[in-house]
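Notes for the one structure printed next.
The chains referred to below are lettered A, B, ... by the order of the sequence lines, with proteins before strands, and numbering in each begins at 1.
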Protein chains: 2
Amino acid sequence: MIQDRLNILKRFFKKNRRLPSYSEMLKLFGFSSKNAVFKLINKWVDANFLKKDSGKLAPTSKFFALPLLGNIKAGFPILAEENKNYLTLDEYLIGDPQSSFLLKVSGDSMTGVGIFEGDIVIVEKKKEAYIGDIVLAQIDNEWTLKIFKKDRVKKMVFLEAANPHYPPFYPKRELQIYGVVRAVVRKIN
Amino acid sequence: MIQDRLNILKRFFKKNRRLPSYSEMLKLFGFSSKNAVFKLINKWVDANFLKKDSGKLAPTSKFFALPLLGNIKAGFPILAEENKNYLTLDEYLIGDPQSSFLLKVSGDSMTGVGIFEGDIVIVEKKKEAYIGDIVLAQIDNEWTLKIFKKDRVKKMVFLEAANPHYPPFYPKRELQIYGVVRAVVRKIN
DNA sequence: CATTATAGTAAACATTTGTTCACTGTCAAG
DNA sequence: CTTGACAGTGAACAAATGTTTACTATAATG
């Protein structure tokens, strides 16, 4: 019952990107006294789903996040209450929202490292990269993802596809790097 | 300047999971009149970063989301303002938060479909699956990800790894499915 | 039975909220 | 030089906010 109401609240936040006021919760929960709301809210604050800072109500990370389960050998992992971590994907994957963007992958040049056509990669804008980074770079007026590598013999950097069908790319003059791939995301179906 | 202030607001929301009140914004932006805040807010509402519903201020999806860039042949994709889509990963990846959880992948049985050790998969809890789904199932008291398949000759379902080193698994009695993988997520580094 | 906790109603209240109005200084354009 | 737009100050205010207090009904416990 109280869980149902928390779900109502979650749905409201998901839809409106804010918490409802107590008066709105009256209708939302079917109460007719704000005090009922008040008591309910305090329970959720105690349970760490919500918090009050400077008198203002706000969700905690537990409010949003999905449980993250590790590798448990026996018994259904979801039942292990104590080991539960909570994670929101945005927080987990995106380090610096200011300088990041998403890129829909086309082509099969990175299948060797598990990046397929249609995947979305999170790219952090920057012009330098470490050897081994997966970088977004411009080659012959076309944008591609490649691995940033160093040729020890020729003593120069080059780009390598993670797919044996593609040849390595040695830049004629300089190599223009625009970003480094920080995460990969794939929706199935 | 106005962009700086929007970033201040974004940082506040990221930290507190709510928007500040006008009085709080006074200090946040360094104003000394609430009217200055009021006018600034209205600009952001016009620019569709914020919205007001039922008199309450809330962020729009544009406020949070990262730009999603498609495959653009020439020119730096980020510059194409019009084609910008915005996406928050949580919204994109998680269909039904109520019945979903995250699972950290161990083992190499699914490398063939680009799921590696350490990846996180989003699992939707359910007991049935379609042929071809990647399912979370219990085999011999151990949890694994496998592909749900059907043997046309024997006319029975079985589980198959996406890695030739693992044999297919034919259940002795019944096959217990606990969820279907809806998305894969990988952090690099 | 009596008791105690739980879930909710109802009314009252100080505080804070977002908004409005009148005004000031600055800067660029005609 | 004037004009108008822009960015901000300062004060005032009705409406809404979260909280408190007192009370009721229901169910669970011993």
Side-chain angles (χ1 to χ4, degrees), chain A residues 1-65 81-82 84 86 88 98, chain B residues 1-65 81 86 97-98:
Chain A
M1 187 61 184
I2 184 170
Q3 186 61 35
D4 293 347
R5 285 183 173 144
L6 186 59
N7 287 339
I8 292 176
L9 199 63
K10 285 182 180 177
R11 253 177 270 136
F12 187 98
F13 197 102
K14 180 160 191 177
K15 191 180 172 196
N16 301 96
R17 294 185 193 81
R18 64 176 179 89
L19 288 178
S21 69
Y22 284 29
S23 339
E24 287 175 311
M25 292 190 208
L26 276 187
K27 297 165 193 169
L28 222 49
F29 298 144
F31 288 140
S32 50
S33 165
K34 277 202 286 180
N35 180 271
V37 175
F38 179 74
K39 287 177 181 170
L40 189 54
I41 290 293
N42 283 339
K43 271 180 196 160
W44 285 330
V45 170
D46 290 344
N48 200 31
F49 286 110
L50 302 173
K51 68 179 158 80
K52 293 180 186 178
D53 68 289
S54 326
K56 271 98 189 164
L57 198 62
T60 62
S61 71
K62 192 178 175 187
F63 180 85
F64 296 104
E81 272 293 332
E82 314 96 40
K84 261 190 201 177
Y86 289 87
T88 71
Q98 243 63 269
Chain B
M1 187 61 184
I2 184 171
Q3 186 61 37
D4 292 348
R5 285 182 174 145
L6 187 59
N7 286 339
I8 292 176
L9 199 63
K10 284 181 180 177
R11 252 176 272 136
F12 187 99
F13 197 102
K14 179 157 190 179
K15 190 179 173 196
N16 302 94
R17 294 186 194 80
R18 66 175 177 89
L19 288 177
S21 71
Y22 283 28
S23 337
E24 288 175 309
M25 291 190 209
L26 275 187
K27 297 165 194 168
L28 220 50
F29 298 144
F31 288 140
S32 52
S33 166
K34 277 203 286 179
N35 181 272
V37 176
F38 179 72
K39 287 177 181 169
L40 188 55
I41 290 292
N42 282 341
K43 272 179 197 160
W44 285 332
V45 170
D46 290 344
N48 201 29
F49 285 110
L50 302 173
K51 69 180 158 90
K52 293 180 185 177
D53 68 290
S54 324
K56 273 99 189 163
L57 199 61
T60 63
S61 70
K62 193 180 175 185
F63 180 86
F64 295 105
E81 272 293 332
Y86 290 87
Q98 244 61 272

* Asked: So which pairs with a foot in residues 44-58 of chain A pass side-chain hydrogen bond (donor to acceptor under 3.5 Å, both in side chains), sequence neighbours left out?
  ->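 Qualifying pairs, neighbours excluded: A:N42-A:K52, A:D53-B:R18.
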
* **All pairs passing side-chain hydrogen bond (donor to acceptor under 3.5 Å, both in side chains) where residues 26-36 of chain A contributes a residue, at least two apart** =>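 Pairs touching residues 26-36 of chain A that pass the test: A:N35-A:K39.
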
* Indicate for each nucleotide in nucleotides 3-8 of chain D, in 5' to 3' sequence, whether protein heavy atoms under 4.0 Å reach the base (B), only the sugar-phosphate (S), or nothing (-). => ----SB

* To do: Figure out the CZ/C1' separation between A:F29 and C:dT9, and round it to whole Å.
  =>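 From A:F29 CZ to C:dT9 C1': 17 Å.
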
* To do: Starting from P on D:dT9, measure out to CE on B:M25 and report it in whole angstrom.
  =>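 Between P of D:dT9 and CE of B:M25: 15 Å.
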
* **Test side-chain contact (heavy atoms from CB on, under 4.5 Å) applied to A:A65 - qualifying residues, sequence neighbours left out** =>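 Per chain and number, A:A65 pairs via side-chain contact (heavy atoms from CB on, under 4.5 Å) with A:Y86, A:T88.
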
* Separation of B:I41 CD1 from B:M25 CE (nearest 0.5 Å) ->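 Atom-to-atom, B:M25:CE and B:I41:CD1 are 3.5 Å apart.
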
* Asked: What is the distance from atom OH of B:Y22 to atom CG of B:L57, rounded to the nearest 0.5 Å?
  ->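 The CG atom of B:L57 is 5.5 Å from OH of B:Y22, to the nearest 0.5 Å.
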
* Which atom of B:F12 lies closest to which atom of B:L19, heavy atoms considered ->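 In terms of heavy atoms, the two residues are closest at CE2-C, 3.9 Å.
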
Write down the protein N/O and nucleotide N/O pairs, taken from nucleotides 14-18 of chain D, whose separation is under 3.5 Å; answer none if there are no such pairs.
{"residue": "D:dT17", "atom": "OP1", "partner": "A:S21", "partner atom": "OG", "Å": "2.8"}
{"residue": "D:dT17", "atom": "OP1", "partner": "B:K56", "partner atom": "NZ", "Å": "2.7"}
{"residue": "D:dT17", "atom": "OP2", "partner": "A:S23", "partner atom": "OG", "Å": "2.4"}
{"residue": "D:dG18", "atom": "OP2", "partner": "A:Y22", "partner atom": "N", "Å": "2.8"}
{"residue": "D:dG18", "atom": "N7", "partner": "A:K34", "partner atom": "NZ", "Å": "2.7"}
{"residue": "D:dG18", "atom": "O6", "partner": "A:K34", "partner atom": "NZ", "Å": "2.9"}

* Asked: Taking only residues at least two apart or on different chains, which pairs with a member in residues 4-17 of chain B satisfy salt bridge (Lys or Arg N to Asp or Glu O under 4.0 Å)?
  ->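 Output for this query lists A:E91-B:R17.
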
* To do: Hey, can you tell me if B:F63 and B:F13 have their rings parallel, tilted or perpendicular (30° and 60° cut-offs)?
  =>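 Rings of B:F63 and B:F13: perpendicular, over 60°.
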
